[in-house]
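To start, the structure itself, in structure tokens.
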Amino acid sequence: MAHFDTRAVHAGERLPLRDHSPTATPIYSSTTFSHPGIATTDRVLGGEEPGYSYTRYGNPTVTAFEQAIAALEGSGRAVAFGSGMAAVHAALLAAGVGSGSRVLAAEQIFGSTSSLLVKVFDALGVKTRFVDAYDLEAIEEQLKGFSPTALFLESVSNPLLRVADVPRIAELARDAGTAVLVDNTFLTPYLQRPLDLGADIVIYSATKFLSGHGDVTSGAAVADAPYGDALYELAKLVGGILGPFEAWLSLRGLKTLSLRMQRQCENAAEIARHLAEHPKVSRVHYPGLPDHPDREVAERVMDRPGAVLAFELAEDSREAAFRFLDALELCVRAPTLGDVYTLAIHPATTSHRDLSPGRRERLGIREGLIRLSAGIENPDDLLEDLERALREV
Ligand SMILES: *Cc1c(COP(=O)(O)O)cnc(C)c1O
């Protein structure tokens, strides 16, 4: 198999036309596909022959994106969805979560995933319990006592960048007969391939690093059989599919994943080192720093410490955080991550806004906490911008 960066640019190219082959994947903006004879249509619809018939069942541009994701993951079948949340929803159903079943979820997961479980799935008769994903004993106890159908976690948590011990957790879940679902949005297959570590289904918000340019909302889930086939059936029947134009943008973004991630990881590491020495910063959360609580796990499960970091202002107040954010001229204030631009957010009033102050406190989301997602800019310009903003605090 070719190297990761080679696969990123070549995977998913397909469908040579009769007289020529486009070098770029075309946008097949067509709802339906016709064949030279009805017998072919019949065989394609019956699944006896590969091909395309109706875009909700499959579209060449979308398939190219799915093949590229699967090629980077290294195994499994990838299915594209209209958003990361549509992929989360389908992954839970594909794992067999339904009326009467139970889900064990990491306390630290993405807010919308947690709400999906406690609002939508709860109303369908699914009980969810939350567990500290960094306490293996607590996970083992819940796997035995609660007998969940699925365990849902994120490879790296937001915004404090805790690193899950996916291989150990997957081993515990395998013994308990529980499917392991890993949202790997923060790391991408460039930094971790959870299927290789024992996960059953991997989920991506491709809106973030995979697409990388802040111009498309998309998602994907990857799994081996039987989960992979279940994901495909759900995309087809629930209909949360990715459109051909969004698939094209996502595939285009994916081609530069290696280059972007390399630079973004370098920038994040440099910013983390710089801020760790800064008198106006009391703490930096970055898996590459020696004082990170999961440093040892990070070295085992991630290829590099990642492109996202968070830090606490020494003056721990909302006013100080807002002054800092307003003083940024280069870093973009926006509640997302993974773009080519460096992004800054205030988790207490964005991703964790709906939590009570007490729960935020327990999770360690302080008022003076800022999360940065490093872009691909020149690091000197980024450090200058951060320095200017820190002077305003
Ligand atoms: C953004 C995000 C999602 C949801 O993705 P959308 O594309 O916005 O639906 C899920 N999980 C994580 C970790 C995310 O960052």
Side-chain angles (χ1 to χ4, degrees), residues 1-36 40 44 49-84 86-87 185 188-191 193 202 204-222 231-232 235-236 240-264 307 336 338-341 375-377:
M1 188 156 56
H3 292 88
F4 188 95
D5 32 10
T6 305
R7 277 179 272 149
V9 280
H10 284 282
E13 299 295 350
R14 53 194 323 289
L15 276 200
L17 303 179
R18 198 173 336 172
D19 303 322
H20 57 273
S21 293
T23 53
T25 303
I27 304 170
Y28 285 87
S29 191
S30 181
T31 59
T32 323
F33 301 87
S34 179
H35 306 106
T40 308
V44 168
E49 190 174 310
Y52 299 95
S53 57
Y54 189 62
T55 277
R56 180 159 47 76
Y57 293 23
N59 173 287
T61 315
V62 179
T63 302
F65 173 56
E66 291 172 334
Q67 288 178 344
I69 297 264
L72 296 185
E73 206 64 37
S75 63
R77 174 177 191 170
V79 179
F81 290 90
S83 68
T185 298
T188 82
Y190 181 76
L191 295 172
R193 282 121 346 251
V202 185
Y204 291 105
S205 167
T207 310
K208 317 293 169 52
F209 289 102
L210 289 181
S211 299
H213 295 72
D215 53 10
V216 58
T217 297
S218 75
V222 195
L231 286 168
Y232 171 70
K236 190 168 129 178
I241 56 155
L242 188 65
F245 178 58
E246 284 73 16
W248 182 82
L249 278 174
S250 304
L251 179 62
R252 185 186 166 128
L254 197 63
K255 290 181 193 303
T256 53
L257 179 68
S258 299
L259 290 173
R260 286 185 285 109
M261 284 304 274
Q262 199 177 327
R263 180 61 168 266
Q264 284 168 302
T336 187
D339 289 350
V340 283
Y341 339 93
I376 60 170
E377 301 95 333

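The shown structure was predicted, so the numbers you read here are calculated from the model rather than taken from an experiment.
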| CD on Q264 to CG on L259, rounded to 0.5 Å | 10.5 Å
| said: Pairing donors with acceptors under 3.5 angstrom, does anything connect the side chains of Y52 and S30? | reply: no
| query | Would you say the side chain of F245 lies within less than 4.5 Å of the side chain of T61, judging by non-hydrogen atoms? | reply | no
| said: Side chains of R260 and V340, heavy atoms from C-beta outward: is any pair under 4.5 Å? | reply: yes
| task | May I ask you to test the N59-I241 pair for a side-chain heavy-atom distance under 4.5 Å? | result | no
| Shortest non-hydrogen contact between G12 and A64, atoms and distance | O-CB, 2.8 Å
| Heavy-atom distance under 4.5 Å between the side chains of Y54 and T32, does that happen here? | yes
| query | Do the non-hydrogen side-chain atoms of E66 and Y232 ever get within less than 4.5 Å of each other? | reply | no
| query | For A78 and A70, which heavy atoms make the closest approach, and how far apart are they? | reply | CB-N, 3.8 Å
| Do side-chain atoms of S211 reach the backbone of K208 as a donor and acceptor pair under 3.5 angstrom? | no
| query | Has the side chain of R193 got a donor or acceptor atom that lies under 3.5 Å from a matching backbone atom of E73? | reply | no
| Can you tell me how far CG of L72 sits from CG of L254, rounded to the nearest 0.5 angstrom? | 5.0 Å
| query | Where is the tightest heavy-atom contact between F33 and G58, given as atom of each residue plus distance? | reply | CE1-O, 4.1 Å
| For the student: nearest non-hydrogen atoms of A247 and L242, plus distance | CA-CD2, 3.6 Å
| field | Exam field: side chain R263 to backbone E377, donor-acceptor pair closer than 3.5 Å | value | yes
| query | CZ of R7 to NZ of K255: how many Å apart, nearest 0.5 Å? | reply | 14.0 Å
| Which is it for T185 and F209 under the side-chain contact (heavy atoms from CB on, under 4.5 Å) test, yes or no, and what are the steps along the way? | CA-CA 7 Å; T185 298; F209 289 102; 5.7 Å; no
| query | Between P189 and Y204, what is the shortest heavy-atom contact and its length? | reply | CD-OH, 3.3 Å
| message | Could you tell me if the side chain of Y190 sits less than 4.5 Å from the side chain of D5, heavy atoms only? | response | no
| query | Do S250 side-chain atoms and E246 backbone N/O form a donor-acceptor pair below 3.5 Å? | reply | yes
| request: Report yes if some heavy atom in the side chain of Y57 is under 4.5 Å from a heavy atom in the side chain of V44; otherwise report no. | output: no
| query | Going from CZ on R252 to OG1 on T25, what distance comes out if it is rounded to the nearest 0.5 angstrom? | reply | 11.5 Å
| Can you tell if the side chain of E49 reaches within under 4.5 Å of the side chain of T40, non-hydrogen atoms only? | yes
| remark: Interatomic distance, OG1@T188 vs CD1@I69, rounded to 0.5 Å, equals 9.5 Å
| request: Hey, could you give me the CD/CG distance between Q262 and L257, rounded to the nearest 0.5 Å? | output: 11.0 Å
| field | Taking every non-hydrogen atom, the tightest pair across S83 and T217 | value | CB-CG2, 3.8 Å
